[in-house]
Amino acid sequence: MNIRWAIAAVGALALALLTLNAVPEWPFSSAEAQGTGPARSACPANSKPANLNFTLKDVNNKDVNLASLKGKVLLIDFWATWCGPCKIEIPWFIEFQQKYGKDGLQVLGVFVEDTLDKVKPYVAQMKMNYTILQGQDREDLQDAYGPMFGIPVTVVISRDAKLCVKHTGLTSKDAFEREIKSLLEVPATTTRAAGL
C-alpha cells in the first residue's frame, strides 16, 4: 500500500511540474516583473530564429502558412479541449487578440492530442476569436517548438521571427501581456529616425 502512495506522490509532483511555470523564462528582473522597474524587450538578444516553415489547416480545413505571418507578433499556444490549464489561458488569449490584434498581434491556437470533431464546437462555445490550427500528428511542428512534455506550451515570437519566450504549463496573464506589449512597442530611436 505504501508503494501505491509513493507512486501517486511522484505522479502528482510530475504533473505539478508540467502544469506550473516554476522558473520564469522571460528576461525581466524581479522589479521589472512586478511592474516597478523599467520594461525591457521580451526578446533576448541571443534569441534563435523561429521556424515558420509550416502550413497547417485551420478548423475549416483552409491552409494557413505561418511564414505569411512574419511581421506580426505571434503567440502560438499548443493546447487541447481537455487540458485544465489551457481552459484558464484561452479567455486571456481571446482578450489579447481583441485588444492588441490591431497593433500587430496574432494569436494562434494549435490543438494537439484532440480531434477536429471535438475542437470545432469548443471553439464556437468559447467564442475563440483567433486562428485555430490543426496540430495533431504534426511531430515536425511540435519538435520545432519543443520539447513538449505536456500542454499547454506557448511560444511568443517577435515581428522579425525570433523565438523570444517559451512557456511550459500555466503562465500568468500579466507575464503574457507584458511580453506582448514589449514586442509590439516601436523603439523610440526608430520613430525619431523616421522624423515622427
Under 3.5 Å side-chain donor-acceptor pair for Glu89 and His167
no

Take Phe111 and Lys118, measure what side-chain contact (heavy atoms from CB on, under 4.5 Å) needs, and give me the verdict at the end.
CA-CA 10 Å; Phe111 68 89; Lys118 288 183 182 175; over 6 Å; no

If you compare all heavy atoms of Gln106 against all heavy atoms of Lys72, which two are closest, and at what distance to 0.1 Å?
CB-CD, 3.9 Å

For the student: nearest non-hydrogen atoms of Ile151 and Cys83, plus distance
O-SG, 3.7 Å

Could you tell me the separation between the CZ atom of Phe176 and the CG atom of Leu75, rounded to the nearest 0.5 Å?
6.0 Å

Please walk me through it: do Tyr130 and Phe96 pass ring-ring contact (aromatic ring centres under 6.0 Å, His included)?
CA-CA 9 Å; Tyr130 53 91; Phe96 296 154; 9.9 Å; no

Taking all heavy atoms of Ala161 and all of Lys70, pick out the closest pair and write down the distance.
CB-CE, 4.0 Å

Compare every heavy atom of Cys164 with every heavy atom of Pro44, then report the nearest pair and how far apart it is.
CD-O, 3.6 Å

Find the distance between CG (Leu183) and CG (Asp160) and round it off to the nearest 0.5 Å.
9.0 Å

If you round to the nearest 0.5 Å, how far is OG1 of Thr115 from CD of Gln134?
10.0 Å

Any Leu69 side-chain heavy atom under 4.5 Å of Ile157 side chain:
no

Rounded to the nearest 0.5 Å, what separation is found between the OG1 atom of Thr154 and the CG atom of Leu74?
13.0 Å

Checking side chain to side chain contact (heavy atoms under 4.5 Å, CB included) against Ile132, which of Asp77, Val123, Leu56 comes through?
Val123

Do Tyr100 and Val107 have side-chain heavy atoms sitting under 4.5 Å apart?
no

Return the minimal non-hydrogen interatomic distance between Ala175 and Thr171, and the atom names on each side.
CB-CG2, 4.0 Å

Contact between Leu133 and Thr131 at the side-chain level, heavy atoms closer than 4.5 Å - yes or no?
yes

Closest approach of Gly104 and Arg159, non-hydrogen atoms and distance?
CA-NH1, 4.1 Å

Main-chain N/O of Thr81 paired to Asp114 side chain as donor or acceptor, under 3.5 Å:
yes

State, with a plain yes or no, whether a side-chain heavy atom of Leu105 is found less than 4.5 Å away from one of Phe93.
no

Pair Val112-Leu141, side-chain contact (heavy atoms from CB on, under 4.5 Å): steps then yes or no
CA-CA 10 Å; Val112 294; Leu141 177 68; over 6 Å; no

Is any side-chain heavy atom of Tyr122 less than 4.5 Å from a side-chain heavy atom of Lys87?
yes

Taken to the nearest 0.5 Å, the spacing of Lys120 NZ from Asp58 CG works out to 8.5 Å

With rounding to the nearest 0.5 angstrom, report the NZ to OG1 distance, Lys62 to Thr55.
15.5 Å

Gln136 side chain to Glu113 backbone, donor-acceptor under 3.5 Å:
no

Counting only heavy atoms not in Lys127, do more than 12 sit closer than 6.0 Å to its NZ atom?
no

Show, in sequence, the C-alpha distance, side-chain angles and deciding distance for Phe149 and Thr168, and conclude whether the side-chain contact (heavy atoms from CB on, under 4.5 Å) test is met.
CA-CA 8 Å; Phe149 299 113; Thr168 301; 5.9 Å; no

